[in-house]
Peer 1: 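The following block contains the structure, expressed as structure tokens.
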Amino acid sequence: MSVKRYEKEVQKRYEDYLDNLLFEALEAYKMPEKLGINHRGDFITLYPNPVFTDNKVSRIEYKPNQIVKLPKELAERHTILKNEIAKAKNKALKGKSKAGRPSKPFAEAVVIQWIQLREQGLTYGEIAKQFGTSKTTVSNYLKKYKKRNAEAVAN
């Protein structure tokens, strides 16, 4: 095994080790809350807060606030993983609209059919039901089609 390959393997194992420690730490934050009583005798909610020893969760303390305080190495690994996830999401969404479903374009012949059905007295909802789409989609396509044709006639 080459030195470079060995170093990559060691780095990968170390990252896996940190990932496991980070997972364990984040799981500790998911533990259920407990009820406690403060010095005035009022009921308060106590949140799990992991206590770390050598980057490992050694115990859980319950405190009135949830403090997310990871050791430096785990915090750095958490940031790296968050950035990698964000990059992967951006790559997956590249070229796609971020909101809503991907559009399902209808052929002009279908839109002409919709116009004919509208002229016969059908509602947008009835047309949409026949074509497996929403009445808003039918309405939008018809408006765009009419606008395009009005512009073409004007020119």
Side-chain angles (χ1 to χ4, degrees), residues 1-111 113-114 123-148 151:
M1 183 183 282
S2 69
V3 174
K4 199 172 193 178
R5 190 171 173 192
Y6 176 76
E7 287 173 350
K8 280 185 178 181
E9 182 64 29
V10 168
Q11 180 65 27
K12 172 102 174 79
R13 286 184 184 189
Y14 181 67
E15 288 172 357
D16 289 345
Y17 169 74
L18 287 179
D19 291 347
N20 288 334
L21 292 177
L22 182 60
F23 178 77
E24 182 183 323
L26 295 176
E27 284 297 305
Y29 286 107
K30 293 181 182 178
M31 291 180 67
E33 303 156 352
K34 292 183 177 182
L35 280 180
I37 299 176
N38 66 9
H39 64 283
R40 291 180 289 187
D42 299 327
F43 285 104
I44 58 170
T45 303
L46 299 173
Y47 301 96
N49 287 280
V51 176
F52 295 92
T53 305
D54 298 325
N55 286 337
K56 292 183 182 178
V57 177
S58 57
R59 67 182 191 280
I60 304 293
E61 289 181 354
Y62 281 85
K63 297 182 179 182
N65 50 14
Q66 193 165 23
I67 303 167
V68 179
K69 187 170 186 202
L70 295 171
K72 184 179 178 186
E73 284 179 297
L74 295 182
E76 288 171 354
R77 185 67 187 154
H78 185 259
T79 302
I80 290 168
L81 291 173
K82 276 178 57 178
N83 291 339
E84 287 177 4
I85 289 169
K87 284 179 188 175
K89 279 184 182 177
N90 288 339
K91 187 176 180 181
L93 292 174
K94 198 171 192 173
K96 295 180 184 175
S97 171
K98 291 185 178 159
R101 287 184 233 132
S103 64
K104 180 171 126 182
F106 289 96
E108 190 170 339
V110 173
V111 178
Q113 223 178 341
W114 290 352
T123 65
Y124 292 128
E126 292 167 335
I127 297 169
K129 205 175 221 179
Q130 286 183 18
F131 288 85
T133 190
S134 73
K135 61 183 178 182
T136 306
T137 300
V138 172
S139 171
N140 288 339
Y141 267 89
L142 293 182
K143 285 177 190 172
K144 287 177 187 175
Y145 182 81
K146 289 176 184 176
K147 184 178 177 183
R148 255 196 334 262
E151 288 173 0

Peer 1: Does Gln113 have any side-chain hydrogen bond (donor to acceptor under 3.5 Å, both in side chains) partners at least two apart in sequence or in another chain, and if so, which?
Peer 2: none
Peer 1: Do Tyr145 and Trp114 have ring centroids that are under 6.0 Å from one another?
Peer 2: no
Peer 1: OG1/Thr45 to CG/Leu35 distance, rounded to the nearest 0.5 angstrom?
Peer 2: 5.5 Å
Peer 1: Taking C-beta and beyond as the side chain, do Tyr14 and Val10 meet within less than 4.5 Å on heavy atoms?
Peer 2: no
Peer 1: Yes or no on side-chain contact (heavy atoms from CB on, under 4.5 Å) for Tyr124 and Leu142, after CA distance, side-chain angles and deciding distance?
Peer 2: CA-CA 10 Å; Tyr124 292 128; Leu142 293 182; 3.5 Å; yes
Peer 1: Do you know which two heavy atoms are closest between Tyr29 and Lys69, and how far apart they sit?
Peer 2: OH-N, 3.2 Å
Peer 1: Quick check: closest heavy atoms across Val57 and Ala25, and the distance to 0.1 Å?
Peer 2: CG2-CA, 3.7 Å
Peer 1: Can you name the side-chain hydrogen bond (donor to acceptor under 3.5 Å, both in side chains) partners of Glu84, sequence neighbours left out?
Peer 2: none
Peer 1: Hey, does the side chain of Asn38 reach the backbone of Arg40 with a donor-acceptor pair shorter than 3.5 angstrom?
Peer 2: yes
Peer 1: Taking the side chain as every heavy atom from C-beta outward, state whether Leu22 and Leu18 have any atom pair closer than 4.5 Å.
Peer 2: no
Peer 1: Which pair of non-hydrogen atoms, one from Asn55 and one from Pro71, has the smallest distance, and what is that distance?
Peer 2: OD1-CB, 3.0 Å
Peer 1: If you compare all heavy atoms of Gly36 against all heavy atoms of Leu46, which two are closest, and at what distance to 0.1 Å?
Peer 2: CA-CD1, 3.8 Å
Peer 1: Kindly compute the distance separating CD1 (Ile80) from CD1 (Ile85), expressed to the nearest 0.5 Å.
Peer 2: 12.0 Å
Peer 1: Given side chains that start at C-beta, do those of Phe52 and Leu74 come closer than 4.5 Å, heavy atoms only?
Peer 2: yes
Peer 1: If you measure from the Lys or Arg side-chain nitrogens to the Asp or Glu carboxylate oxygens, is any gap between Lys4 and Glu7 under 4.0 Å?
Peer 2: no
Peer 1: Does the salt bridge (Lys or Arg N to Asp or Glu O under 4.0 Å) test come out yes or no for Arg77 and Glu73, once each step is laid out?
Peer 2: CA-CA 6 Å; Arg77 185 67 187 154; Glu73 284 179 297; over 6 Å; no
Peer 1: To check you understand the geometry: which heavy-atom pair defines the closest contact between Lys135 and Ala128, and what is its length?
Peer 2: N-CB, 3.5 Å
Peer 1: State the CG-CG distance between Asp19 and Asp16, to the nearest 0.5 angstrom.
Peer 2: 6.0 Å
Peer 1: Heavy-atom distance under 4.5 Å between the side chains of Tyr62 and Met31, does that happen here?
Peer 2: yes
Peer 1: Flag yes if more than 12 heavy atoms outside Asp54 fall under 6.0 Å of its CG atom; otherwise flag no.
Peer 2: no
Peer 1: Using distance alone, with no hydrogens and no angle criterion, decide if Gln11 and Glu15 have a side-chain donor and acceptor under 3.5 Å apart.
Peer 2: yes
Peer 1: Taking side-chain contact (heavy atoms from CB on, under 4.5 Å) as the criterion, tell me which of Val138, Thr133, Asn140 meets it with Thr136.
Peer 2: Asn140
Peer 1: What's the verdict on salt bridge (Lys or Arg N to Asp or Glu O under 4.0 Å) for Glu9 and Lys12, showing C-alpha distance, side-chain angles and the deciding distance?
Peer 2: CA-CA 5 Å; Glu9 182 64 29; Lys12 172 102 174 79; over 6 Å; no
Peer 1: Would you name the heavy atoms of Pro50 and Ile60 that are closest together and state the gap between them?
Peer 2: CA-CD1, 3.9 Å
